[in-house]
Amino acid sequence: MTDGPLSGVLVADFSRILAGPYATMLLADLGADVIKVEGPRGDDTRTWTPPARGSTSTYYLGVNRGKRSIALDLRDDGDARLARELARRADVLVENFRPGGLAKYGLDHAAVAAANPGVVYASISGFGSGAGARVPGYDLMVQAMSGLMSLTGEPDGPPYRAGISVFDVMAGNHAVIGVLAALRHRDATGRGQHVEVNLMSSALTGLVNQSSAYVAGDVVPFRMGNAHPSVFPYEPLPTADHELIVAAANDGQFRKLCEVLGIPEVADDPRFERNADRTARREELRPLLVERLVTRGADEWFALLVEAGVPSGPINTIDGGFAVAERFGLEPVVVVGEGERAVPTTRHPIRFSETPAGYALPPPELDEHGAELRKWLEGGSHA
C-alpha cells in the first residue's frame, strides 16, 4: 500500500470501538495493509454521534484512516470461511472480542496459528484471558476499578473520569509495541506468537508514580485536585486573568521562577531550598508565588517564563491546543483522501527521517472494499 516501514505487512483487523482500531490505524500509518473486518452493521463507533462530519461519526473517523473495509457476518459459513482465509494470509491479526469469543468461528489463536504458524496474533481485552475473561472491558470501568478515578478531582469532591478513554488509547499503544516486538522475533525465528494486552494492566503500569507509591512505598494515594503529590510548584496558579500551569520541577527551575517573578530571596529561603521542602511547605510557598503572579496576565507570564527556561503553559481548549501545535511547527492536522472523501485528521505522533508515516486512504465506508477483497480471498487477483 505504501513505502512506510511496515510496507508489505498484512494486518487482519477484527477489532472495533477504540483500543484495537487505534492500534491498527497507527500500523496503517506506518505502511501496513490493514483490512478492517466489520459485521454487517459496522463498527459501533460509526453511530456514536454527535459530533459528526456529514453523516459519519467523528469518533469513527478519528481511529480508522488508512484501512480497507470488508463486511463479514461470522455467523454465515461462507463469510466465516473468508475470514479464516484472511487470517491464514495475514502477518498480523488484531482482535478485541471477549476472550474465547472467536473460537466458535475457528478464529481463535490456536486455530489461526495452526494454519498460519508465523502469524502475530494480538488480543486486547479488559481484564485478561484468565479469571477476568468474562468481565466486559470498557474504559470507564477500568478507570474506576484501577484507581484512576480516585486520583482525579478535588480532594473533597467526587471522583472523575479522564476526559478521554485514556486506557483504551494506552492499551492500543501497548498492542502496537507488542506487535512490533513479535514481528522482530518472527523475522529472526520464523515463528509467530500470541500477544495479549489488557486494559487493566495498561492502567496499572500507566499510573506510574501512583502505582509505585503503593507497590514500593505501601502508600495509597488520593486525589489532590491539580496538585502533584511529590513536586511543587507543579499545578495551575492564578494570574491577573487566567490560571497558568507552572511546573518548576527542580531546584534550578525554581530559582529561575523566583527570578522572573522578582522574588529571588524566596529561592534562598532555607524553607524552600529543596523540592522536598517546597512540597512539604506548599501552603507557605504558594501565597508568595501567587502574590507576584496576579500582577500580570497568563500570556505575559508564559512568554517570560518560557524565555527563562521555566516550564509553564496556559490551559487551553482543544482548538487552542491545535493552535499552539501549529505555532510550534508541529503541523498537527493532515488530510487523508481526495475530493469529497477528503477528511482532516490528527497527524501520526512519530516522525521518521527515512520512512515517514503515510495517509493514503480515508476512513472506509462500510464494506467499501468488500468486492475486491472477496475476489482476492476466494482466489482471484491480488487485492
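None of the values given here were measured: they were computed from a predicted structure.
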From Glu85 CD over to Glu378 CD, what is the distance, rounded to the nearest 0.5 angstrom? 10.0 Å

Can you name the closest pair of heavy atoms from Ser146 and Phe167 and give their distance? OG-CE1, 3.6 Å

Are the side chain of Ser69 and the backbone N or O of Asp367 linked by a donor-acceptor pair below 3.5 Å? yes

I need the single residue from Leu289, Val266, Leu304 that forms a side chain to side chain contact (heavy atoms under 4.5 Å, CB included) with Leu261. Which is it? Leu289

For the side chain of Arg68 and the backbone of Ile35, is there at least one donor-acceptor N/O pair under 3.5 Å apart? no

For atom CZ of Arg281, decide whether the heavy atoms of other residues, nucleotides or ligands shown that lie under 6.0 angstrom number more than 12. yes

Is it the case that the side chain of Asn96 and the backbone of Arg16 share a donor-acceptor pair, with hydrogens and angles ignored and the cut-off at 3.5 Å? yes

For Glu307, is the CD atom crowded, meaning more than 12 foreign heavy atoms sit under 6.0 Å from it? no

Taking Ser7 for its side chain and Gly4 for its backbone only, find out whether a donor-acceptor pair lies under 3.5 Å. no

Asp319 atom CG, over 12 foreign heavy atoms within 6.0 Å: yes

Report whether Phe14 and Leu366 are members of the same hydrophobic cluster (ILVMFWY, side-chain heavy atoms less than 4.5 Å apart, transitive linking). no

Contact between Thr295 and Trp301 at the side-chain level, heavy atoms closer than 4.5 Å - yes or no? yes

Tell me whether Asp76 is salt-bridged to Arg81, with the criterion being a basic N under 4.0 Å from an acidic carboxylate O. no

Sub-4.5 Å side-chain heavy-atom contact between Gln143 and Thr152: no

NZ or CZ of Arg134 within 45° of Phe127 ring axis and under 6.0 Å: no

Within 45° of the six-membered ring axis of Tyr60 and under 6.0 Å from that ring's centre, is NZ or CZ of Arg46 located there? yes

Does any non-hydrogen side-chain atom of Val334 lie less than 4.5 Å from one of Thr345? yes

Which value, rounded to the nearest 0.5 Å, describes the distance between Asp73 atom CG and Glu38 atom CD? 13.0 Å

Where is the tightest heavy-atom contact between Thr239 and Gly297, given as atom of each residue plus distance? OG1-C, 3.8 Å

What is the distance from atom CD1 of Ile350 to atom CG of Asp29, rounded to the nearest 0.5 Å? 9.5 Å

Determine yes or no for a side-chain-to-main-chain donor-acceptor pair under 3.5 angstrom, with Ser150 supplying the side chain and Gly147 the backbone. yes

Donor-acceptor check, side chain of Tyr359 to backbone of His348, threshold 3.5 angstrom: yes or no? yes

Is it true that a side-chain atom of Arg84 and a backbone atom of Tyr105 form a donor plus acceptor pair closer than 3.5 Å? yes

Chi angles and distances behind the salt bridge (charged side-chain N to carboxylate O under 4.0 Å, His left out) call for Glu368, Arg341: CA-CA 12 Å; Glu368 178 178 347; Arg341 293 294 304 280; 3.1 Å; yes

Do side-chain atoms of Asp43 reach the backbone of Ile17 as a donor and acceptor pair under 3.5 angstrom? yes

Just wondering, do Glu235 and Arg282 contact through their side chains at under 4.5 Å, heavy atoms? yes

Could you go step by step and tell me if Asn64 and Met25 meet the side-chain contact (heavy atoms from CB on, under 4.5 Å) rule? CA-CA 6 Å; Asn64 284 290; Met25 180 184 73; over 6 Å; no

Determine yes or no for a side-chain-to-main-chain donor-acceptor pair under 3.5 angstrom, with Arg286 supplying the side chain and Pro233 the backbone. no

Tell me the closest heavy-atom pair linking Ala113 and Val119, and the distance in Å. CA-CG1, 4.2 Å

Working for side-chain contact (heavy atoms from CB on, under 4.5 Å), residues Val120 and Asp91: CA-CA 6 Å; Val120 173; Asp91 298 291; over 6 Å; no

In short, Leu288 meets Arg271 closest at the heavy-atom pair CD1-NH2, 4.4 Å

Donor-acceptor contact present, side-chain Ser211 to main-chain Leu204, <3.5 Å: yes

Same cluster or not: Trp48 versus Val166, using hydrophobic residues (I, L, V, M, F, W, Y) connected whenever any side-chain heavy atoms lie under 4.5 Å apart? yes

4.5 Å side-chain heavy-atom contact, Ile263 and Glu291: no

Could you please spell out the steps behind the side-chain contact (heavy atoms from CB on, under 4.5 Å) verdict for Arg374 and Leu82? CA-CA 7 Å; Arg374 286 172 182 272; Leu82 291 178; 3.6 Å; yes

For Asp168 and Asp139, the nearest pair of non-hydrogen atoms, with its separation, is N-OD2, 2.8 Å

Between NE2 of His194 and OH of Tyr121, what distance do you get to the nearest 0.5 Å? 6.0 Å

Using the side chain to side chain contact (heavy atoms under 4.5 Å, CB included) rule, pick out the option among Leu140, Val142, Leu18 that qualifies with Ser165. Leu18

Quick one: are Leu151 and Leu207 in side-chain contact, heavy atoms under 4.5 Å? yes

Hydrophobic cluster membership, with links at side-chain heavy-atom distances under 4.5 Å among I/L/V/M/F/W/Y: are Phe232 and Met224 in one? no

Between Ala298 and Glu243, which heavy-atom pair has the shortest distance, and what is it? CB-O, 4.2 Å

Are the side chains of Asp277 and Leu285 in touch, meaning some heavy atoms are under 4.5 Å apart? no

With a cut-off of 6.0 Å (strictly less than), are more than 12 heavy atoms of other residues, nucleotides or ligands near OH of Tyr234? no

Less than 4.5 Å apart, any side-chain heavy atom of Leu305 and any of Leu244? yes

Could you measure the distance from the CD1 atom of Ile124 to the CD atom of Glu95? Nearest 0.5 Å is fine. 8.0 Å

Exceeds 12 heavy-atom contacts within 6.0 angstrom, atom CZ of Arg351: yes

Within a reach of under 6.0 Å around OH of Tyr214, are more than 12 heavy atoms found that belong to other residues, nucleotides or ligands? no

Answer with yes or no whether the hydrophobic clustering places Val176 together with Phe352; edges join I, L, V, M, F, W, Y residues whose side-chain heavy atoms lie under 4.5 Å apart. yes

Report the C-alpha separation of Asp13 and Leu27 in whole Å, then their side-chain angles, then the decisive distance to 0.1 Å, and conclude whether the side-chain contact (heavy atoms from CB on, under 4.5 Å) test is met. CA-CA 11 Å; Asp13 182 6; Leu27 296 173; over 6 Å; no

Consider only side-chain heavy atoms of I, L, V, M, F, W and Y, link residues closer than 4.5 Å, and tell whether Tyr22 and Tyr138 are in one cluster. yes

Evaluate whether atom CG of Asp187 has more than 12 neighbouring non-hydrogen atoms of other residues, nucleotides or ligands under 6.0 angstrom away. yes

Could you give the distance from OG (Ser230) to CD (Gln210), rounded to the nearest 0.5 Å? 7.5 Å

